[in-house]
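Data first, discussion second: the structure below is written as structure tokens.
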Amino acid sequence: MRRAEQLVSSIRASYLARTLDAWRGYEREFLIELVRGLDEASFAFTLAPNRDQLIRNDEARHFIMAGAASALRPFLRVLQDVSNGVPWRSTSPEFSAVADRHLINCGRLAVVQRYAAMERHGLAESTFLSEDHLILEVASSNDDDEERRASAWLSYSARQRLSAIEGQLAARKQEMALGIDRYARVQDGWFLRYEPDEDTTAYYRHLAEIYSAGTAEANALPEDTLLGGRTFRSWNALSITAYGRVLHHIACATRLMATRPNLELRNLLTAFAHKEDVKALWQQAGESASSADQVVAGLSLNADTAAICEHNHEQPLPYYIEFGRNFVLLPIFGGMLNASAGLTWHLRAAFRRDWDKAVDGRERVFRKRPANAFSGVERWNL
């Protein structure tokens with residue numbers, strides 16, 4: 001690790017330690033508010049009417065998302081063995097502002113840490129004008145923008161093939177809204193509760209399949225690749241099911257917001273559940289008790305996986321966030337930002353040998369697709 005990277009790492013560690021100490025005894029409350037901040041920012045970037053403008057110009061929310069791993073990791077570590085309950089209360093403008101400011105600070109430090117780490121690869125240069133004055137110069141690159149454009153094109157192309165189904169689902173949107181009105185209720189004057197029927201659950205699962213079509217991570221390996229005794233196709237189906245539940249939750253939240261304007265969106269996006277209830281839900285979906293444990297582990301964020309994301313300069317994308325021994329928070333940001341990435345990263349780490357064996361198969365599939373596309377084209381000898 002170069003001098004600049006060591007310095008930034010030290011500053012970040014010191015800042016995180018001070019923040020953790022400042023919230024000693026209130027770690028659970030602060031963790032909940034951090035997740036609410038991440039959910040609110042991801043909602044703005046994906047569903048707000050002016051989301052395109054926000055993605056271009058909202059620097060604060062970009063820092064909030066970039067700070068996720070660093071902000072969550074210390075609190076997850078402290079709470080990992082705690083068996084207390086969940087202090088579930090409504091937010092306040094003052095509390096949310098403090099949590100968001102911490103996320104922004106973590107995001108700024110994460111970005112600078114990434115720039116400093118690039119020096120090891122010859123992509124950045126550091127200059128110390130004094131002991132407390134560091135200049136980092138980073139090589140200009142359009143790779144990130146190109147990757148985003150390629151991802152958007154891939155998703156658009158995949159969704160075009162499903163346009164007829166998407167149209168059928170769109171035609172039922174009002175029907176689903178009326179159904180939500182029948183079972184979604186306000187709880188304690190500020191939160192929501194609901195018991196969806198099977199038809200509504202299936203609707204949002206189909207919608208999730210369309211919205212996630214073309215996700216690069218969902219096409220990382222051939223569908224029949226076995227990872228931990230389950231095909232990659234089956235693993236991806238789990239992500240889609242979890243994403244469908246996220247979409248349904250958001251639909252309930254926004255429907256209540258439309259009919260009860262006194263509610264706060266930040267209070268509605270994040271939920272929580274007992275771990276055993278989550279596992280039972282997966283068993284109802286057809287999983288055995290042992291495979292339900294495996295599924296929940298693959299879709300969850302804990303202190304260790306947050307540390308990996310922090311080290312790799314990645315944003316965590318979970319469906320569950322461990323909240324002590326017995327509970328999990330249910331965020332929306334993992335599914336809304338990338339329905340398949342979080343589980344795919346877990347599979348790559350947990351089943352590395354199977355993953356590496358499948359790489360050659362993936363290359364064969366990628367070569368076969370363009371070959372099939374041009375199968376009917378006459379060859380020219382040049």
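All values below were derived from every heavy atom in this structure, side-chain atoms included, with hydrogens, water molecules and symmetry-related copies excluded.
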Is the count of non-hydrogen atoms from other residues, nucleotides or ligands lying under 6.0 Å from [X] atom [atom1] greater than 12?
X	atom1	answer
Glu195	CD	no
Phe128	CZ	yes
Tyr115	OH	no
Glu198	CD	no
Gln283	CD	yes

Quick one: does [X]'s side chain have a donor or acceptor within less than 3.5 Å of a partner on [Y]'s backbone?
X	Y	value
Asp197	Asp199	yes
Asn219	Thr215	yes
Ser10	Gln6	no
Thr19	Tyr15	yes
Thr200	Pro196	no
Asn302	Asp304	yes

Any residue meeting side chain to side chain contact (heavy atoms under 4.5 Å, CB included) with Val296, in chain and number order, not counting sequence neighbours
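Side chain to side chain contact (heavy atoms under 4.5 Å, CB included) list for Val296, sorted by chain: Val278, Lys279, Trp282, Ser300, Tyr320.
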Going through the distances and angles, do Phe191 and Ser90 end up as a side-chain contact (heavy atoms from CB on, under 4.5 Å)?
CA-CA 8 Å; Phe191 192 53; Ser90 62; over 6 Å; no
Could you walk me through whether Thr270 and Asp39 pass side-chain hydrogen bond (donor to acceptor under 3.5 Å, both in side chains), step by step?
CA-CA 7 Å; Thr270 311; Asp39 279 347; 2.6 Å; yes
State which residue, out of Leu317, Ile321, Leu269, fulfils the side chain to side chain contact (heavy atoms under 4.5 Å, CB included) condition with Pro331.
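Only one option passes, and that is Ile321.
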Establish, yes or no, whether a centroid distance under 6.0 Å links the rings of Trp345 and Phe351.
no
Aromatic centroids of Tyr204 and His249 separated by under 6.0 Å:
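No - the distance between ring centres of His249 and Tyr204 does not fall below the 6.0 Å cut-off.
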Gap separating the [atom1] atom of [X] from the [atom2] atom of [Y], nearest 0.5 angstrom:
X	Y	atom1	atom2	value
Glu33	Arg28	CD	CZ	14.5 Å
Ile55	Arg61	CD1	CZ	11.0 Å
Arg193	Leu256	CZ	CG	12.5 Å
Arg233	Thr231	CZ	OG1	5.0 Å

Applying side-chain contact (heavy atoms from CB on, under 4.5 Å), run through Val98 and Phe30 and close with a yes or a no.
CA-CA 9 Å; Val98 171; Phe30 199 58; 4.0 Å; yes
Name all pairs fulfilling the ring pair (Phe, Tyr, Trp, His ring centres under 6.0 Å) condition that reach into residues 251-280, sequence neighbours left out, sorted by first residue then second.
Trp88-Phe272, His274-Phe327
Run the numbers on Arg3 and Ser126 for side-chain hydrogen bond (donor to acceptor under 3.5 Å, both in side chains), then give the verdict.
CA-CA 9 Å; Arg3 181 187 174 192; Ser126 63; over 6 Å; no
Applying side chain to side chain donor-acceptor pair (under 3.5 Å), name anything that partners His248, two or more places apart in sequence or on another chain.
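Once residues adjacent in sequence are excluded, the partners of His248 under the side chain to side chain donor-acceptor pair (under 3.5 Å) criterion are Tyr183.
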From CA spacing to verdict: side-chain hydrogen bond (donor to acceptor under 3.5 Å, both in side chains), Asn236, Ser239:
CA-CA 5 Å; Asn236 280 325; Ser239 288; 5.2 Å; no
Out of curiosity, does Ile308 fall in the hydrophobic cluster containing Leu227 (side-chain heavy atoms, cut-off under 4.5 Å, transitive links)?
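Not linked; separate clusters.
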